[in-house]
Amino acid sequence: MAQQTYEPLVSEDGKTFCKNYGFPNEYQYRETADRPLYTKEVVDWFFQNELTYIEYFKHKPYAPEITDIDYAKQKIYLKWYGESCNQVIYGGKEWPQAQWRKQIRDIIIDQYDEGVYKLTMYPHCHYIDDNDNMRAIDWYGCVPVDEPFIEEKYMQGIIHETAQFRLDETGKPIEDKLNLEIMFQRSLSTHVFWGTENMSYIYGELFSA
């Protein structure tokens with residue numbers, strides 16, 4: 001499974017990506033049929049969060065090119081270019097490391113300057129258009145810099161068991177909410193890799209005195 005929140009679909013011609021937040025869907029139960037914390041309330045919350053931040057960042061050069069949104073069926077459609085950055089970087093295609101390291105740095109810095117932590121900063125959460133311009137998807141994983149808290153039930157509903165330690169790193173919930181600023185910082189400094197290196201160079205720029 002690529003991720004734990006929605007069902008990722010690509011059209012047969014490879015030109016359209018669909019994020020299916022419809023609940024329930026078979027994709028989210030491929031690994032286990034027992035996901036009691038993955039509820040319609042959880043899915044609805046992340047769908048709305050995705051819509052909020054797609055709208056907020058829609059004028060950015062790294063925004064996805066949305067072609068349609070089916071609000072009733074909770075499906076988001078966007079123009080697709082065949083592969084995610086994950087597939088490009090680890091698939092052996094020619095793409096200078098200095099180029100993509102600068103692009104992801106510029107995106108994350110700009111999001112921070114706009115007052116947002118986007119925790120979905122992995123290569124599979126980004127793609128390259130026909131002009132070698134990096135774009136971002138998975139906007140469900142955003143929180144405000146000045147209020148980076150989310151109810152624990154939402155995160156527990158989508159976290160994979162292998163990543164539970166990531167939630168544990170945020171400390172004890174305060175009024176049932178997790179501090180995702182801690183997760184964002186740990187992602188940059190340690191956990192998220194693009195190629196063979198983590199993103200500590202971006203962490204240093206944002207958080208080192």
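From a predicted model like this one, the values you see are computed outputs, not experimental measurements. For the numbers below, each heavy atom of this structure counts, side chains included, while hydrogens, waters and symmetry mates do not.
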Any side-chain heavy atom of [X] within less than 4.5 Å of one from [Y]?
{"X": "Met121", "Y": "Ile108", "value": "yes"}
{"X": "Leu180", "Y": "Tyr117", "value": "no"}
{"X": "Ser187", "Y": "Met199", "value": "no"}
{"X": "Lys40", "Y": "Phe23", "value": "yes"}
{"X": "Ile66", "Y": "Ile76", "value": "yes"}
{"X": "Phe17", "Y": "Val10", "value": "yes"}

Nearest atoms (heavy-atom pairs only) where [X] meets [Y]:
{"X": "Val116", "Y": "Cys142", "answer": "CG1-CB, 3.8 Å"}
{"X": "Ile128", "Y": "Asp132", "answer": "CG2-CA, 3.4 Å"}
{"X": "Tyr21", "Y": "Val43", "answer": "O-CG1, 3.0 Å"}
{"X": "Asn20", "Y": "Tyr6", "answer": "O-CB, 3.3 Å"}
{"X": "Pro64", "Y": "Ala136", "answer": "CD-O, 3.3 Å"}
{"X": "Cys125", "Y": "Thr120", "answer": "CB-O, 3.4 Å"}

Are side-chain N/O atoms of [X] and [Y] paired as donor and acceptor at under 3.5 Å?
{"X": "Gln185", "Y": "Tyr203", "result": "no"}
{"X": "Gln156", "Y": "Tyr38", "result": "no"}
{"X": "Gln74", "Y": "Asp70", "result": "no"}
{"X": "Asn49", "Y": "Tyr154", "result": "no"}

Transitively linked via ILVMFWY side-chain contacts under 4.5 Å: [X] with [Y]?
{"X": "Tyr112", "Y": "Tyr201", "value": "yes"}
{"X": "Leu9", "Y": "Trp80", "value": "no"}
{"X": "Leu167", "Y": "Leu188", "value": "yes"}
{"X": "Val145", "Y": "Ile182", "value": "no"}
{"X": "Ile174", "Y": "Leu178", "value": "no"}

Any donor-acceptor pair under 3.5 Å linking the side chain of [X] with the backbone of [Y]?
{"X": "Asn131", "Y": "Asn133", "answer": "no"}
{"X": "Ser84", "Y": "His124", "answer": "no"}
{"X": "Lys73", "Y": "Lys75", "answer": "no"}

If I take atom [atom1] from residue [X] and atom [atom2] from residue [Y], how far apart are they, to the nearest 0.5 angstrom?
{"X": "Ile104", "Y": "Met134", "atom1": "CD1", "atom2": "CE", "result": "5.5 Å"}
{"X": "Gln103", "Y": "Ile107", "atom1": "CD", "atom2": "CD1", "result": "6.5 Å"}
{"X": "Ile54", "Y": "Asp138", "atom1": "CD1", "atom2": "CG", "result": "9.5 Å"}
{"X": "His191", "Y": "Asn198", "atom1": "NE2", "atom2": "CG", "result": "10.0 Å"}
{"X": "Phe184", "Y": "Leu119", "atom1": "CZ", "atom2": "CG", "result": "7.0 Å"}
{"X": "Arg166", "Y": "Met155", "atom1": "CZ", "atom2": "CE", "result": "8.5 Å"}

Problem set entry | From CA spacing to verdict: side chain to side chain donor-acceptor pair (under 3.5 Å), Gln48, Asp44 | CA-CA 6 Å; Gln48 290 301 319; Asp44 287 350; over 6 Å; no

For this session: Could you list all the salt bridge (charged side-chain N to carboxylate O under 4.0 Å, His left out) pairs where at least one residue sits in residues 183-201, not counting sequence neighbours?
Result: Arg101-Glu197, Glu169-Arg186

Problem set entry | Sequence neighbours excluded - salt bridge (charged side-chain N to carboxylate O under 4.0 Å, His left out) pairs with any residue from residues 51-60 | Glu55-Lys58, Lys60-Asp110, Lys60-Glu114

Exercise. Could you walk me through whether Tyr127 and Ile137 pass the side-chain contact (heavy atoms from CB on, under 4.5 Å) check?
Worked result: CA-CA 8 Å; Tyr127 62 99; Ile137 56 173; 3.5 Å; yes

Hey, is [X] close enough to [Y] for a salt bridge, meaning N to O under 4.0 Å?
{"X": "Glu7", "Y": "Lys19", "result": "no"}
{"X": "Asp129", "Y": "Lys79", "result": "no"}
{"X": "Glu152", "Y": "Lys177", "result": "no"}

Problem set entry | Residue from Tyr81, Trp194, Trp100 passing ring-ring contact (aromatic ring centres under 6.0 Å, His included) with His126 | Trp194

For this session: Answer yes or no: are there more than 12 heavy-atom neighbours, outside Leu37 itself, under 6.0 Å from its atom CG?
Result: yes

Exercise. Got more than 12 heavy atoms from elsewhere within 6.0 Å of CG, Asp176?
Worked result: no

For this session: Start with the C-alpha distance between Leu78 and Thr16, add both sets of side-chain angles, then the distance that settles side-chain contact (heavy atoms from CB on, under 4.5 Å), and finish with yes or no.
Result: CA-CA 6 Å; Leu78 56 103; Thr16 301; over 6 Å; no

Problem set entry | Pairs meeting criterion ring-ring contact (aromatic ring centres under 6.0 Å, His included) with involvement of residues 54-75, two or more places apart | Phe57-Trp139

